[in-house]
Number of protein chains: 2
Amino acid sequence: MAAQAAGAGQAMTDEAARSLEERCAAKGLRMTDQRRVIARVIGGADDHPDVEEIHRRASAIDPGISLATVYRTVRLFEDSGLLSRHDFGDGRARFETLHHHHDHLIDITTGAVIEFQDPALHALLRRIADELGFHLVKHRLELIGRPIDGRAGGANGGKRSPS
Amino acid sequence: MAAQAAGAGQAMTDEAARSLEERCAAKGLRMTDQRRVIARVIGGADDHPDVEEIHRRASAIDPGISLATVYRTVRLFEDSGLLSRHDFGDGRARFETLHHHHDHLIDITTGAVIEFQDPALHALLRRIADELGFHLVKHRLELIGRPIDGRAGGANGGKRSPS
DNA sequence: ATAGGTGCAAATTCTTTGCTATTAA
DNA sequence: TTAATAGCAAAGAATTTGCACCTAT
């Protein structure tokens, strides 16, 4: 089987959070309380929160954090190569830590996001770019699908459905 | 060769414009002067203009057309299945008529958009969705690439660089 | 000490909408 | 005729920014 669902069962609630903080520090970023909290929130998320959701979760830990700071921090982390930003079709940007490479399939009926990875796909994309005379720097890909009757939610390994 | 650049040399300045107008009428849309002009602009474009650019080009033909009308028309055409909307990373939405299926590669150095189509890619995407338990409804894909030295602009068949 | 960060509110940017006058069918 | 449309300006939603005050390093 080429494509396999990924990202469902990783135990990353605390470990990845700390490593995001670590990676921030390693990048030489000034670590304020706010950034630490935001890093923990994003690193500990197993979904793809938008800025407001990150702010909501961060506020639960430290009520003083402003939305502007979340925007600034998320931008900073992205520019530092620690986060990736996604556009799932609703107006807002969604974020996740940059762990293993994967792409997303969006359930058109629920909005749920399923992660998958497929080496053959990446090889093909690289080859296509190459044939057009380009070195593939990165790509944006979302599949939009409708569950096949009978095996609908099966691939969605316990992921919270994002509204 | 699997992927081939497409969309560069089609003679569509007038023919596709008329056919977009025709398709609008065929869909039962009320054809106002504004819609006719906007249809001609979009149908005649060989690039991927955003709303402001469409408005600019439409205004050159009929100065009375408002931006709001362009937004409404573009939305209408999209909902009628006559247009596709793209997000190339800059904030605004880009549009093009829905002709043959293709995807886009964006030159990271210039922002130029190269169209390509690759049947093997689409087959693979369908298969991936299928393996995850989904019927592939549609997909969003952009490759971001850097020209390989020596054969840089070669694949870009006379396409206007979109700022 | 001080360059850089934060909060707040105001500003931007892209897009949608309420309302009245206009028009295609 | 009359329901749908256009223009205009005001409203929204997401994101950015100016400024005075704080704080990691």
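Chain letters run A, B, ... following the sequence lines, proteins first, then strands; residues in each count from 1. Everything quoted here is computed from the prediction, not taken from an experiment.
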K.L.:
Mapping D33(B) and L67(B) to their closest nucleotides on DNA chain C, which lands nearer the 5' end?
P.N.:
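Nearest-nucleotide comparison on DNA chain C picks L67(B).
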
K.L.:
Can a side chain N or O of Y71(B) be found less than 4.0 Å away from OP1 or OP2 on dT15(C)?
P.N.:
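Answer yes for this pair, as a side-chain N or O of Y71(B) is under 4.0 Å from OP1 or OP2.
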
K.L.:
Find which nucleotide of DNA chain C each of R72(B) and I65(A) is nearest to by heavy atoms, and output the residue with the more 5' nucleotide.
P.N.:
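Checking each residue's closest nucleotide, the 5'-ward one belongs to I65(A).
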
K.L.:
Could you list where the contact with chain A starts and ends along DNA chain D, reading 5' to 3', using a 4.0 Å heavy-atom cut-off?
P.N.:
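The protein-touched segment is dA14(D) to dT25(D).
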
K.L.:
Would you list the pairs meeting salt bridge (Lys or Arg N to Asp or Glu O under 4.0 Å) in which at least one residue belongs to residues 64-80 of chain B, sequence neighbours left out?
P.N.:
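Listed once each, the pairs are E78(B)-R85(B).
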
K.L.:
Give a yes or no on whether R56(A) atom CZ has more than 12 heavy-atom contacts from other residues, nucleotides or ligands under 6.0 Å away.
P.N.:
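For R56(A), atom CZ is crowded (more than 12 foreign heavy atoms under 6.0 Å).
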
K.L.:
If I take atom CG in residue D90(A) and atom P in nucleotide dT15(C), what distance separates them, rounded to the nearest angstrom?
P.N.:
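About 15 Å, once rounded to whole Å.
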
K.L.:
Rounded to whole Å, please give me the gap between CG in D87(A) and P in dT15(C).
P.N.:
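Between P of dT15(C) and CG of D87(A): 12 Å.
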
K.L.:
Describe, in one word, how the ring planes of H122(A) and H139(A) are oriented to each other, choosing from parallel (under 30°), tilted (30 to 60°) and perpendicular (over 60°).
P.N.:
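The arrangement is tilted - the two ring planes meet at 30° to 60°.
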
K.L.:
Under 4.0 Å between any heavy atoms, over every strand shown, what does R35(A) touch: base, sugar-phosphate, or nothing? Just pick one.
P.N.:
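The residue R35(A) makes sugar-phosphate contact but no base contact.
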
K.L.:
Test of understanding: with salt bridge (Lys or Arg N to Asp or Glu O under 4.0 Å), list the residues that count as partners of R140(B), not counting sequence neighbours.
P.N.:
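Only E142(A) meet the salt bridge (Lys or Arg N to Asp or Glu O under 4.0 Å) criterion with R140(B).
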
K.L.:
Grab the two heavy atoms, one from F116(A) and one from L105(A), that are nearest each other, plus how far apart they are.
P.N.:
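Of all heavy-atom pairs spanning F116(A) and L105(A), the closest is CE2-N, 3.9 Å.
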
K.L.:
Among dG5(C), dC8(C), dT6(C), which is the nearest nucleotide to the side chain of Q34(A)?
P.N.:
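When the side chain of Q34(A) is considered, dT6(C) is the closest of dG5(C), dC8(C), dT6(C).
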
K.L.:
Less than 4.0 angstrom between a side-chain N/O of R75(B) and OP1 or OP2 of dT16(C), yes or no?
P.N.:
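Looking at the OP1 and OP2 atoms of dT16(C), one of them is under 4.0 Å from a side-chain N or O of R75(B).
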
K.L.:
Checking only heavy atoms, does the side chain of R92(B) share a donor-acceptor pair with the base of dT15(C) at less than 3.5 Å?
P.N.:
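Under the 3.5 Å cut-off, the side chain and the base do not form any donor-acceptor pair.
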
K.L.:
So, for H86(B) and F95(B), is the gap between ring centers shorter than 6.0 Å?
P.N.:
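No, ring centres 6.0 Å or more apart.
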
